[in-house]
Amino acid sequence: MGTGDIFGMPTAHIMASAMGGIRTAGDLVAWMQMSRRMKINEAKAYVAEKLGIDVIDLTNEEVMRQVREDLDIGIITSVAGSAKGIAAKWNIAELLDIQINSVNLFKEKLRL
Amino acid sequence: MEKNIYTRMGDGERVAMSPEEIREDLLAGTNDAADRANIPVLTPDDLEHLFDIFAEPSKVVSVRPGEEVIVTDDAVATLFYLDQENCGQGLPLSRVQSILAYERACCADTLSTGHVDYTFKQVKPIVNFEKQEYYNTSLMTTAPFFYGSQPNMGSYFRPDGPYPNPADLFPVGKIREALDAQEEAAAQLTRDLVYVSKQMYEVGCEGINFDTAASAGDADFFATLTAVSELKKKTRHMAIEVGMSSEFVMGMHGEMTFDGKLLAGMYPHQQVKVVEAAGADIFGPAINVSVGESTPWNLARAVTFVKECVAVANIPVHPNVGMGVCGVPMFEVPPIDAVTRTSKALVLIGKADGL
């Protein structure tokens, strides 16, 4: 991205063009770019298929809030007892059928 | 001609321009990029689309639902607590608090962290501290989490580093010595990039960002590409992003090659191919901004470079969009009207996979 004050640069780009991170499905699509070098449309299609939703709904808060809670992959509002952090990433790795290095290390520590 | 469209100069100054002046600058900007890199100019439809983005009277513009892309960054969360020199806000927050705020309040698609000096050479002696920070934070983050730093080969030359400075050697005619110094520095830089990255991989690092690559020229770029190539053999589950320092690889050495291609003089559509060949997963082109030209000129130029880069790329392309790059004015508080127009244009016309 680059630099500039936090509101004027990154937040402005996020509002104008980004997917919305764990608020919607931005993190999931990003994992596919990182792990399989997928271009944006391919990554979106892959994630939408795994979630069983239309591509247009990947950034639809009204759909994704419930999808994320149902799949226990981390939600933007804090709910005690729901998967967060490494637990959410574990579920994401299984959902997307990808390897996440931090999750692999965590599993190793659990001796599973 | 009524000057009824508000826009910005490359230094952020607000100016009013007529529609004709905007169109002239868009055309001049795309022609400049095309001439320099020998790439196609934007199509008439592209230019009209770009004009519409500037003519839109709203302060903030955006893509439509379904057109969004991914944002990756270079330790942007540190802006919460850094100072004015880094465009930071100076909040009394820790690194982990800043990163979690960036994930859960700003809703970024990916996150990253890095040492405040943001240079691999400076990270090497304190890598254990960085590992602790990364490891602790990665247990709490859900979005993909990068560790970033700059190759910054300039820091390997005297007086900051151990190698003779080419800037001292070239002027006195010591050409061979200047080339040798760069080759030796590049070899050490590669070792440091690999060492730090492997250390981070051992604590579960999900992605490494070689940010501002080639800042010291073609030898700096060569060292980065070589490190990527080596890391990809041993760190399979860690993504690698390579972000550039400028639109053009300076030939400070002049003879460095990678994958059979001369690195000096490469523009983004050529840079991405060697980055791909090295094995990187995401590429971030950086297009320079001229502070004396308008944002329409600068953005048309940036979109021209990015569009060709994306067209030839087989990996995701995330153009750098901080202050002073890819059309964003060179000002530490980037005007939101210019930032969002840059964002929209690079995604919709440049076809970027992310920012």
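Fair warning: this is a prediction, and the values are worked out from it, not measured in the lab. The chains referred to below are lettered A, B, ... by the order of the sequence lines, with proteins before strands, and numbering in each begins at 1.
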> Between D281(B) and Q33(A), is any pair of side-chain heavy atoms under 4.5 Å apart?
Replying inline: no

>> Between E68(B) and T59(A) (side chain of the first, backbone of the second, donor and acceptor by atom type, cut-off under 3.5 Å), is there such a pair?
In response: no

>> At a 4.5 Å cut-off on heavy atoms, which part of L139(B) comes close to chain A: side chain, backbone, both, or neither?
In response: both

>> For Q84(B), which atoms come within 4.5 Å of any heavy atom of chain A: side chain, backbone, both, or neither?
In response: neither

> Do side-chain atoms of D27(A) reach the backbone of T110(B) as a donor and acceptor pair under 3.5 angstrom?
Replying inline: no

> Under a 4.5 Å cut-off applied to non-hydrogen side-chain atoms, are M15(A) and T340(B) in contact?
Replying inline: no

>> Using a 4.5 angstrom heavy-atom cutoff, name the option from A30(A), S78(A), A83(A) with the most pairs to chain B.
In response: A30(A)

>> Using heavy-atom distances under 4.5 Å, tell me whether Y134(B) contacts chain A through its side chain, its backbone, both, or neither.
In response: neither

> What part of E103(B) lies closer than 4.5 angstrom to a heavy atom of chain A: side chain, backbone, both or neither?
Replying inline: both

> Looking only at heavy atoms, what is the nearest atom pair of M9(A) and V339(B), with distance?
Replying inline: O-CG1, 4.1 Å

> Any donor-acceptor pair under 3.5 Å linking the side chain of H13(A) with the backbone of L355(B)?
Replying inline: no

> Heavy-atom distance under 4.5 Å to chain B: side chain of I92(A), backbone, both or neither?
Replying inline: side chain

>> Taking the side chain as everything from C-beta on, heavy atoms only, tell me whether I56(A) gets closer than 4.5 Å to P65(B).
In response: yes

> Relative to chain A, which segment of V69(B) carries a heavy atom at a distance below 4.5 Å: side chain, backbone, both, or neither?
Replying inline: both

>> Under a 3.5 Å distance rule, please check whether T142(B) uses its side chain to pair with a backbone N or O of G85(A) as donor and acceptor.
In response: yes

>> Is there a side-chain contact between V71(B) and P10(A) in this structure, where contact means two heavy atoms from C-beta onward sitting under 4.5 Å apart?
In response: no

> Tell me, side chain or backbone of D211(B) under 4.5 Å from chain A's heavy atoms, or both, or neither?
Replying inline: neither

>> If you define the side chain from C-beta out and look only at heavy atoms, does anything of R104(B) sit under 4.5 Å from I22(A)?
In response: yes

> Which atoms of A280(B) come close to chain A, meaning under 4.5 Å heavy atom to heavy atom: side chain ones, backbone ones, both, or neither?
Replying inline: backbone

>> Walk me through whether K89(A) and T141(B) qualify under side-chain contact (heavy atoms from CB on, under 4.5 Å).
In response: CA-CA 8 Å; K89(A) 282 190 281 199; T141(B) 52; 3.2 Å; yes

> So what's closer than 4.5 Å to chain A heavy atoms on V310(B): side chain, backbone, both or neither?
Replying inline: both

> Quick one: what part of N209(B) sits under 4.5 Å from any heavy atom of chain A, side chain, backbone, both or neither?
Replying inline: neither

> With distance as the sole test, does N101(A) use its side chain to make a donor-acceptor pair with the main-chain N or O of E206(B) at under 3.5 Å?
Replying inline: no

> Within the side chain of D74(B), is there an N or O that forms a donor-acceptor pair under 3.5 Å with the backbone of G2(A)?
Replying inline: yes

> Do D5(A) and L79(B) have side chains that get closer than 4.5 Å, going by heavy atoms?
Replying inline: no

